[in-house]
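To find a chain, count down the sequence lines: A is the first, B the second, and so on, and within it residues start at 1.
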Amino acid sequence: MENKPVRTRFAPSPTGYLHVGGIRTALFAWLVARQAGGKFILRFEDTDKKREVAGAREHLILSLKSLGLTYDEGPDIGGPLGPYTQSERLTHYQTWAEKLVAAGRAYADPYTPEEVEAFRQEARTKKQPFLFRNHRPENPPAWDGTKPLRFKSDPKPYQWHDEVMGDLHSGPEVIDDFVLIKSDGYPTYNFAHVVDDYEMEITHIIRGQEFIASQPNYLNLYEALEIERPLIATMPHILGPDGKKKLSKRDGAKDVLDYLRDGFLPETLISFIATLGWNDGTEQEIFSREELIEKFSLGRVQKSGAKFDEQRLLWMNGVRIREMPLGDLYEHTKDFWQEEAEQSSDDYKKQVLSLVQERLKYFGELPQLTQFFFTDLPVNPELWQTHKQLKKLEPSEIKSLLEQAKATIADSDFSTDDLTSRLNSLLETTGQKPAVLFSIIRIATTQAPASPGLADTLHVLGKETSLRRIDAMLAAL
RNA sequence: GGCCCCUUCGUCUAGUGGUCCAGGACGUCAGGUUCUCAUCCUGAAGAUCGCGGGUUCGACUCCCGCAGGGGUCACCA
């Protein structure tokens, strides 16, 4: 373990998409590798043919790439210690399995699945944990590949260090004769990952909490295989909305790619997921990718699970959007404008964007925020009839004020400054409060319940559109 | 049921014996910023630190017990 180059891995099974819980394991492994200047490896654990989902591999790869979690070795790009797909490594497992058989540390399981199930049921009715080794056969048949190969365990207590959980321990009662190679010839996760991590020279195993209970079995296997084990770091689960059970696809956990499609920035997702259970000990709330690489440490990862809070994600993304230079921001919004906006110039859209930048939380809400900049909305009487100042006025008064507004605006060059000063002097000549006068003009020109500041909005809308909409409103009053 | 892990404001968290009758952030509420929405600023409410015992001059911090929650006990990962 002395000064080996750091190599971490993310080893999903291609059974579906990645939600925030899954991506976090990947993120932390990636951070550990990048921080140490080591390698981050992707490995597909496809030893369960039944659960495999078509297209999942591409989807997983896309998810990692979209978030910028680049890997140095993997199924699609290869590497010196491949292949990186378990189904292509069957001979490796075979070799190690034979070694165990030869050493008397593995044996063929002679029972039928039904018989094993009966043992299991028996244990369950007795409310006892199921241990296969209680049924370990006296004279097992030779292993010919048609029966599962089981590990002949050596039950003993263990204590070990976990980079996140601290010092853990267990008794001999949790050690069992688990299956190494299934009757279909594929290895189990329990066996395959140990072999692969060793052969791929992995230095840190970073995985979810569900593996903590089987860790002693792995420790036992490392001994039988006579290989050194990597460092272990067990991540707490991210909890679903109920705050109890771990986040799962069944409960509607979203695909991380969906967040990207909704218009959340990859940087936000990275920062948000990292700080869900990790902080650097200061009061910093948002971290850039570079800061995370620099400051992350497994030792400061929370031991308890954390609930996923979308409100916080929304806030964080809003902060990032507001900080972003307009040009960069515009690049990111390319796919999110409404259809009608396609006819508008980049320059016009940039102006619109700068007006909504501070109220944008994610790009998916761009159309609803900017709709009136691109289309004339129908006159909506409800807007002034429910307005708490305007509803007290007669339509004739509104009409009169709007006509005066139209007159002064018509003479404007439509620069923001000129519009501002004209609107201000109109306030004086009419003796009206902004709440009344500005609201009338704003409603007339946008027909929207909310919009950016009036002068800015008029300036971007332009003279022609502004006057046309005022006329439409006048006609409706 | 056995074993293992976890437990600070609604949420994410700071906190490693005294500086904590517990700090920050999100959210909420109130006020301010020439109209709306948002931003920004200010302020407020919000955790007897799961409970009960110890140890100590002193405990959120150490020890013991309990409770609650979670994980696991597959030829799934």
Side-chain angles (χ1 to χ4, degrees), chain A residues 11-13 15 45-48 50-51 109 113 116-117 120 123-132 147-150 162 165-166 168-171 173-174 176 178-190 192-193 207-216 234 236-237 239 243-246 272 275-286 302-316 318 322 355-361 369 383 387 389-390 420 423-424 427 432-443 446 448-455 457:
Chain A
S13 60
T15 52
E45 310 220 317
D46 60 339
T47 56
D48 186 352
K50 297 181 289 288
R51 293 206 316 156
D109 174 351
V116 178
E117 185 53 30
R120 202 190 322 281
R124 191 165 301 166
T125 42
K126 286 188 190 161
K127 301 221 168 200
Q128 284 176 349
F130 170 65
L131 282 175
F132 185 90
K147 289 284 188 184
L149 183 71
R150 281 187 185 265
D162 186 291
M165 295 298 180
L168 304 176
H169 68 277
S170 66
E173 69 282 352
V174 302
D176 196 18
F178 58 91
V179 171
L180 300 167
I181 307 274
K182 299 180 268 185
S183 58
D184 65 2
Y186 283 84
T188 59
Y189 166 83
N190 301 142
H193 92 271
R207 63 170 40 133
Q209 223 180 22
E210 63 272 28
F211 294 104
I212 201 162
S214 39
Q215 189 60 49
T234 303
H237 286 140
L239 278 16
K244 291 186 176 172
K245 293 228 173 69
K246 77 167 186 175
F272 177 76
T275 54
L276 204 56
W278 174 86
N279 70 81
D280 71 344
T282 72
E283 288 180 351
Q284 185 168 347
E285 303 283 344
I286 302 179
Q302 207 76 11
K303 290 182 186 170
S304 52
K307 201 195 289 185
F308 182 96
D309 180 9
E310 277 204 354
Q311 292 279 20
R312 198 175 157 79
L313 177 66
L314 239 24
W315 164 75
M316 220 177 253
R322 275 172 250 131
L355 292 192
V356 296
Q357 178 169 15
E358 70 186 26
R359 56 211 88 199
L360 202 54
K361 295 278 195 287
L369 246 34
L383 289 176
H387 187 110
Q389 310 270 355
L390 301 189
T420 302
L423 289 169
N424 282 340
L427 236 28
Q432 284 296 345
K433 286 190 284 194
V436 172
L437 184 64
F438 288 8
S439 292
I440 293 172
I441 305 170
R442 197 181 58 75
I443 288 169
T446 66
S451 73
L454 184 55
T457 302

field: Partner residues of A/Y189 under the ring pair (Phe, Tyr, Trp, His ring centres under 6.0 Å) criterion, sequence neighbours left out
entry: A/H193, A/F211
- request: Please check the phosphate of B/G69 (OP1 and OP2 only) for any side-chain N or O of A/K245 closer than 4.0 Å.
  value: no
task: Have a look at A/G453 and say if it touches a base, only the backbone sugar-phosphate, or nothing, with a 4.0 Å heavy-atom cut-off.
output: base
message: Let's see if you can work this out: which of B/G71, B/A77, B/C35 has an atom nearest to the side-chain heavy atoms of A/Y189?
response: B/A77
- request: Keeping the roles fixed (side chain from A/K246, backbone from A/G305), state whether a donor-acceptor pair exists under 3.5 Å.
  value: no
field: Closest to the A/N190 side chain, choosing from B/G23, B/C12, B/A77
entry: B/A77
- prompt: Given B/G2, is OP1 or OP2 found less than 4.0 Å from the side-chain N or O atoms of A/R124?
  reply: no
message: Using modelled atom types and a 3.5 Å cut-off, is there a donor and acceptor pairing between side-chain atoms of A/D176 and backbone atoms of A/F178?
response: no
query: What integer distance in Å separates A/M316:CE from B/C26:C1'?
result: 8 Å
query: Can you tell me how far P of B/C5 sits from CD of A/E210, to the nearest Å?
result: 17 Å
task: Can you tell me, in whole Å, how much space there is between the P of B/G27 and that of B/U42?
output: 15 Å
- prompt: The side chain of A/T188 lies closest to which of these nucleotides: B/C75, B/C3, B/C35?
  reply: B/C75
- line: pair_partner(B/G43), Watson-Crick or wobble, both distances < 3.5 Å, evaluates to B/C29
message: Measuring to OP1 and OP2 of B/U39, would you say a side-chain N or O of A/K361 lies under 4.0 angstrom away?
response: yes
task: Take atom C1' in B/C60 and the same atom in B/C76, then report the distance between them in whole Å.
output: 40 Å
query: Are OP1 or OP2 of B/C6 and a side-chain N or O of A/K303 less than 4.0 angstrom apart?
result: yes
query: How many Å lie between CG on A/D162 and C1' on B/C6, as a whole number?
result: 13 Å
task: Classify the nucleic acid contact of A/L276 as base, sugar-phosphate or nothing, counting any heavy atom under 4.0 Å across all strands shown.
output: sugar-phosphate
- request: Classify the nucleic acid contact of A/Q128 as base, sugar-phosphate or nothing, counting any heavy atom under 4.0 Å across all strands shown.
  value: base
message: Can you identify which nucleotide, out of B/G23, B/U36, B/C35, has its nearest atom closest to the A/A450 side chain?
response: B/U36
message: Ignoring hydrogens and geometry beyond distance, is the side chain of A/S183 in donor-acceptor contact with the base of B/C75 at under 3.5 Å?
response: yes
- request: From the options B/A77, B/G27, B/C75, select the nucleotide whose nearest atom is closest to the side chain of A/R51.
  value: B/A77
field: Of the listed nucleotides B/C40, B/A25, B/U34, the one nearest the side chain of A/W315
entry: B/A25
- request: Would you indicate, yes or no, if B/A74 has its OP1 or OP2 atom less than 4.0 angstrom from a side-chain nitrogen or oxygen of A/R120?
  value: yes
query: Looking across every strand, which nucleic acid part, if any, lies under 4.0 Å from A/H193 by heavy atom: base, sugar-phosphate, or nothing?
result: nothing
query: For A/Q302, which contact category applies under a 4.0 Å heavy-atom criterion: base, sugar-phosphate, or nothing?
result: sugar-phosphate
message: Can you tell me which nucleotide in B/C26, B/U13, B/U34 comes closest to the side chain of A/Q311?
response: B/C26
message: Work out how far the C1' atom of B/A67 is from that of B/G53, and round it to whole angstrom.
response: 14 Å
task: Check every strand shown and say whether A/E285 touches a base, only sugar-phosphate, or nothing at a heavy-atom separation below 4.0 Å.
output: base
- prompt: Would you say the side chain of A/Q432 lies within less than 4.5 Å of the side chain of A/I440, judging by non-hydrogen atoms?
  reply: no
- prompt: When all nucleic acid strands are considered with a 4.0 Å heavy-atom cut-off, which category describes A/F211: base, sugar-phosphate, or nothing?
  reply: base
query: For atom C1', what is the distance between B/A25 and B/G46, given to the nearest Å?
result: 14 Å
message: Say we look at B/C26 and B/A45: how far apart would their C1' atoms be, to the nearest angstrom?
response: 15 Å
- request: Check every strand shown and say whether A/P452 touches a base, only sugar-phosphate, or nothing at a heavy-atom separation below 4.0 Å.
  value: base
message: So A/T275, base contact, sugar-phosphate only, or nothing? Heavy-atom distance under 4.0 Å.
response: sugar-phosphate
query: Rounded to the Å, how far apart are A/Q389 CD and B/U36 P?
result: 9 Å
message: With rounding to the closest Å, how many angstrom separate the P atoms on B/U7 and B/U34?
response: 48 Å
message: Taking the C1' atom in each of B/G15 and B/C75, what is the distance between them to the nearest angstrom?
response: 48 Å
message: By nearest atom, which of the nucleotides B/C37, B/C75, B/C73 is closest to the A/P129 side chain?
response: B/C73
field: Under-4.0 Å side-chain N/O to phosphate OP1/OP2 contact, A/N279 with B/U13
entry: no
message: Just to be sure I understand the rule, does A/T15 reach a base, reach only the sugar-phosphate, or reach nothing, if contact means heavy atoms closer than 4.0 Å?
response: nothing
query: Tell me: CD1 of A/I443 to P of B/C37, nearest whole Å?
result: 12 Å
query: Counting side-chain heavy atoms from C-beta on, which of B/C76, B/A77, B/C5 comes nearest to A/K50?
result: B/C76
- request: Mind checking A/K126 for me? I need base, sugar-phosphate or nothing, with any heavy atom below 4.0 Å counting as a touch.
  value: nothing
query: When you measure from the side chain of A/T420 to the backbone N and O of A/A455, does any donor-acceptor pair fall under 3.5 Å?
result: no
field: Nearest-nucleotide pick for A/H237, side chain only, options being B/U11, B/C6, B/G71
entry: B/G71
- request: Determine the interatomic distance between P on B/G23 and the same-named atom on B/C9; round to the nearest Å.
  value: 13 Å
query: Rounded to whole angstroms, how far apart are CG on A/L314 and P on B/G27?
result: 9 Å
field: N/O donor-acceptor pair, side chain A/R312 with base B/U11, under 3.5 angstrom
entry: no
